[in-house]
Amino acid sequence: KAKGSSEADRMYYYLLLADACNKCYVTLPSDSIMHLVADFYDAHGTPNEQVRAHYLLGCVYRDLGEAPQALDCYHTALDRADTTSKDGNYRLLSRVHAQTAGLFKEQYMTEEATSELDEAIRCSEVANDTLAALYCYENKLGTFYQAGLFDSVLAHTKNIYNKYKNQGFHDRTASCLSPAIFVLIQRHQLEEAKQYINIYERYSKRDGNTSNKQGMYYTFLGYYYLYSNRLDSAIAFFNQQLVCKEKLNNRVLAYHGLFETYQKANQKDSAMKYAKLYNEANDS
């Protein structure tokens, strides 16, 4: 009966709007509207609709930078799931676990993030969503790196790289190499790093993909040239990373790279400048 009412139509409209905005990386409607949507589906919706509503409410809080509230909503969404039903939306549950993992990783709660990614992988496999499962496998690289498990980073990179390649997802093969490249450069294993850099370059440009110059791309190239004693190239790539205006953590690494480079070049004033910028960004 409720589904035939104007209130039901309005709530369904807001649910679809929030879902569309979330998928298009657009800021979601206000939390007050989505609270109404979640309350409505708690009273009148199926378990799948309740999961979806609370997940999207969590995404609103995620976009507002309110991690605790977002996590609470994601946990509520998982509690609403009926995992005994054949109609369970495991594709959606995978997204909830993956988003939860992302928030845990931002808080440097690596064990919790890894556990959530494992659950996301399990749900993706139940839903026969191969690409989503592989994407979650790839995200585990970040948790391994964050935990300092660098041997695991290298081993897992080879594994996920081969999985992407064997499944034909060539546009993803480049992105998964970044953590391994950075580990190899930090270990001064430059020849092995260059092999991965060449693969990264080849696959990131495949099929007209123009999104290759992102993430830590310029940072690890800067360090590669720094440790290869090609200081002018190192400075150019570190500065290019700063132009990207990406995540603060990437700028921190670029500032530190410029500090190291100018220190190695014995340019003390510039080294002090970037040491100060590094400290300020690191404190932030």
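By convention here, the first residue in the shown sequence is residue 1.
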Taking all atoms of both residues into account, what is the closest heavy-atom pair of [X] and [Y], and its distance?
X: Ala113; Y: Lys105; result: CB-N, 3.9 Å
X: Tyr61; Y: Ala70; result: CB-N, 3.7 Å
X: Tyr14; Y: Met34; result: O-SD, 4.2 Å
X: Cys136; Y: Ala98; result: SG-CB, 4.3 Å
X: Phe220; Y: Ser178; result: CE2-OG, 3.6 Å
X: Ile121; Y: Ala133; result: CG1-O, 3.9 Å

(message) By the definition side-chain hydrogen bond (donor to acceptor under 3.5 Å, both in side chains), identify the one residue from Lys194, Glu201, Gln195, Arg202 that meets it with Asn198.
(response) Lys194
Does [Y] offer a backbone N or O that forms a donor-acceptor pair with the side chain of [X] under 3.5 Å?
X: Thr76; Y: Asp72; answer: yes
X: Gln50; Y: Gly45; answer: yes
X: Thr100; Y: Val96; answer: yes
X: His75; Y: Leu71; answer: yes
X: Gln241; Y: Thr219; answer: yes

(message) Is there a path of hydrophobic side-chain contacts, each under 4.5 Å between heavy atoms, that joins Phe40 and Val51?
(response) yes
(message) Grouping I, L, V, M, F, W and Y whenever their side-chain heavy atoms are under 4.5 Å apart, do Leu64 and Val26 come out in a common cluster?
(response) no
(message) For a side chain to side chain contact (heavy atoms under 4.5 Å, CB included) check, start with the C-alpha distance between Asp118 and Lys140, then their side-chain angles and the critical distance, and finish with the verdict.
(response) CA-CA 9 Å; Asp118 286 336; Lys140 289 181 73 173; 2.8 Å; yes
Please list every donor-acceptor pair under 3.5 Å in which a side-chain atom of residues 264-280 meets a protein atom from a residue at least two apart or in another chain.
residue : atom : partner : partner atom : Å
Lys264  : NZ   : Leu226  : O            : 3.3
Lys264  : NZ   : Asn229  : OD1          : 2.6
Asn279  : ND2  : Ala275  : O            : 3.2

(message) Strictly below 4.0 Å, N to O, side chains only: are Arg95 and Asp129 in salt-bridge contact?
(response) no
Distance check, rounded to the nearest 0.5 Å: [X] atom [atom1] versus [Y] atom [atom2]?
X: His97; Y: Tyr74; atom1: NE2; atom2: OH; result: 12.5 Å
X: Tyr12; Y: Leu17; atom1: OH; atom2: CG; result: 12.5 Å
X: Tyr164; Y: Cys176; atom1: OH; atom2: SG; result: 6.5 Å
X: Arg172; Y: Tyr137; atom1: CZ; atom2: OH; result: 16.0 Å

(request) Test Ile181 against every option in Leu221, Ile197, Thr157 by the side chain to side chain contact (heavy atoms under 4.5 Å, CB included) rule and name the one that passes. (result) Ile197
(request) Give the intermediate values and the outcome of side chain to side chain contact (heavy atoms under 4.5 Å, CB included) for residues Glu260 and Tyr223. (result) CA-CA 9 Å; Glu260 282 193 68; Tyr223 277 103; 3.4 Å; yes
(request) Start with the C-alpha distance between Ile199 and Leu177, add both sets of side-chain angles, then the distance that settles side chain to side chain contact (heavy atoms under 4.5 Å, CB included), and finish with yes or no. (result) CA-CA 8 Å; Ile199 295 171; Leu177 297 176; 3.6 Å; yes
(request) For Arg251 and Asn282, test the side chains for any donor-to-acceptor distance below 3.5 angstrom and give the result as yes or no. (result) no
(message) When you compare the side chains of Gln146 and Thr110, does any donor N or O come within less than 3.5 Å of an acceptor on the partner?
(response) no
When the side chains of residues 230-238 are checked against the rest of the protein, which donor-acceptor pairs come out under 3.5 Å, sequence neighbours left out?
none

(request) Walk me through it: do Leu92 and Asn48 pass the test side chain to side chain contact (heavy atoms under 4.5 Å, CB included)? (result) CA-CA 9 Å; Leu92 176 58; Asn48 284 340; 6.0 Å; no
